[in-house]
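Take a look at the structure set out below.
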Amino acid sequence: MAYVSQADKKELAPAIKKVLSKYGMKGSISIRNHSTLQVTLQSGAIDFKDYSHGDGYIQVNTYHIDAHYSGKAKAFLNELLDAMKGPKYFNNDDAMTDYFHRSHYTDINVGKWNKPYFLQETAKKAPKKPVQASKTIKVPANATISNAAENIARMSNAERDKLVNDLIASYPNLADDLLTKIGFGLMEKDNA
């Protein structure tokens, strides 16, 4: 009988995370019905739009990855499946005699039914040259975050758009981090 425990998940997680990281993917690992190890891909650098029905959600048929996927998506899914199975995986199923015995089942989902997969375009690497102060924004040496926020608030829309575009082009990780923190900050403010 198929069974996967939290301890099994913890043992398999490092290899799964290594594959996700190698391909620039973000995902979650969970257990469903004590028998299935499930990885849900939330976002990443691989474009799955050719394999979905346009809703950003795919339940990958792990038995037919080679037939249904190609290129980087196929290589990634096969590597992910191998990591999910792990070294202790076995499958002694015999459908002819209605006998099913394996270590555990595996499910891979691209996105969720209510939260589609998000394709992250490969960001340009930040320049290696030293950062120089902006010529358009004068920030005093004794500036606080309040001063910086006020300077941004006083900018015209065109200046703010340029600031955002420069931030994304030069420091994509910082832009992503700021967006996340601002979003969560607004949600906390709404809940308060």
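Note that the numbering runs from 1 along the sequence shown for the chain.
Using a 4.5 Å cut-off on side-chain heavy atoms (C-beta onward), Met84 and Thr62 make no contact. Side-chain contact between Leu119 and Lys49: absent, with no pair of heavy atoms (C-beta onward) separated by less than 4.5 Å. The shortest distance between side-chain heavy atoms of Leu37 and Asp8 does not fall below 4.5 Å. Put simply, the side chain of Leu178 reaches to within 4.5 Å of the side chain of Leu167, judged on heavy atoms.
For the atom pair NE2 (His101) and OG (Ser103), the distance works out to 8.5 Å, reported to the nearest 0.5 Å. Here the straight-line distance linking atom CG of Leu41 with atom OG of Ser28 works out to 8.5 Å at 0.5 Å rounding. Interatomic distance, Glu159 CD to Leu163 CG, rounded to the nearest 0.5 Å: 9.5 Å. Once rounded to the nearest 0.5 Å, the distance linking CD of Gln42 with CG of Asn109 reads 11.0 Å. Residue Leu179 holds its CG atom at 11.0 Å from CG of Leu174, rounded to the nearest 0.5 Å. The structure places NZ of Lys9 at 9.5 Å from CD1 of Ile16, a figure rounded to the nearest 0.5 Å.
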Q) Should Leu80 and Met25 be marked as a side chain to side chain contact (heavy atoms under 4.5 Å, CB included) after you check the CA-CA gap, both sets of side-chain angles, and the distance that decides it? A) CA-CA 11 Å; Leu80 178 62; Met25 305 293 284; over 6 Å; no
Q. Hey, mind stepping through Leu20 and Lys26 against side chain to side chain contact (heavy atoms under 4.5 Å, CB included) and telling me if it holds?
A. CA-CA 6 Å; Leu20 292 173; Lys26 292 182 181 177; over 6 Å; no
Q) Can you check side chain to side chain contact (heavy atoms under 4.5 Å, CB included) on Leu12 and His104, steps first, answer last? A) CA-CA 12 Å; Leu12 294 168; His104 61 277; 4.3 Å; yes
Q | Candidate pair Asp166 and Tyr171, rule side chain to side chain contact (heavy atoms under 4.5 Å, CB included), full reasoning | A | CA-CA 8 Å; Asp166 289 347; Tyr171 308 100; over 6 Å; no
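Linking ILVMFWY residues whenever their side-chain heavy atoms come closer than 4.5 Å, directly or via other members, places Tyr23 and Ile29 in the same cluster. A single hydrophobic cluster is seen to contain both Tyr63 and Phe100, as judged by linkage of ILVMFWY side chains at heavy-atom distances under 4.5 Å, directly or through other members. Transitive grouping of hydrophobic side chains (ILVMFWY, heavy atoms separated by less than 4.5 Å) keeps Val39 and Tyr105 in distinct clusters.
Contact between Ala83 and Val19 at its shortest, heavy atoms only, is CB-CG2, 4.0 Å. Taking each heavy atom of Ser35 and Ala2 in turn, the nearest pair found is CB-O, 3.7 Å. Contact detail for Asn91 and Arg102: the closest heavy-atom pair is ND2-NH2, 3.1 Å.
Listed by first and then second residue, the ring pair (Phe, Tyr, Trp, His ring centres under 6.0 Å) pairs that reach into residues 29-56 are Phe48-Tyr117, Tyr51-Tyr69, sequence neighbours excluded.
Residues passing the side chain to side chain donor-acceptor pair (under 3.5 Å) test with Asn92, sequence neighbours excluded: none.
Listed for the Asn78 side chain is a donor-acceptor partner under 3.5 Å among the backbone atoms of Lys74. Formation of a donor-acceptor pair under 3.5 Å by the Asn165 side chain with backbone atoms of Asp161 is found in this model. Counting only distance, with no hydrogens or angles, the side chain of Ser21 and the backbone of Lys17 share no donor-acceptor pair below 3.5 Å.
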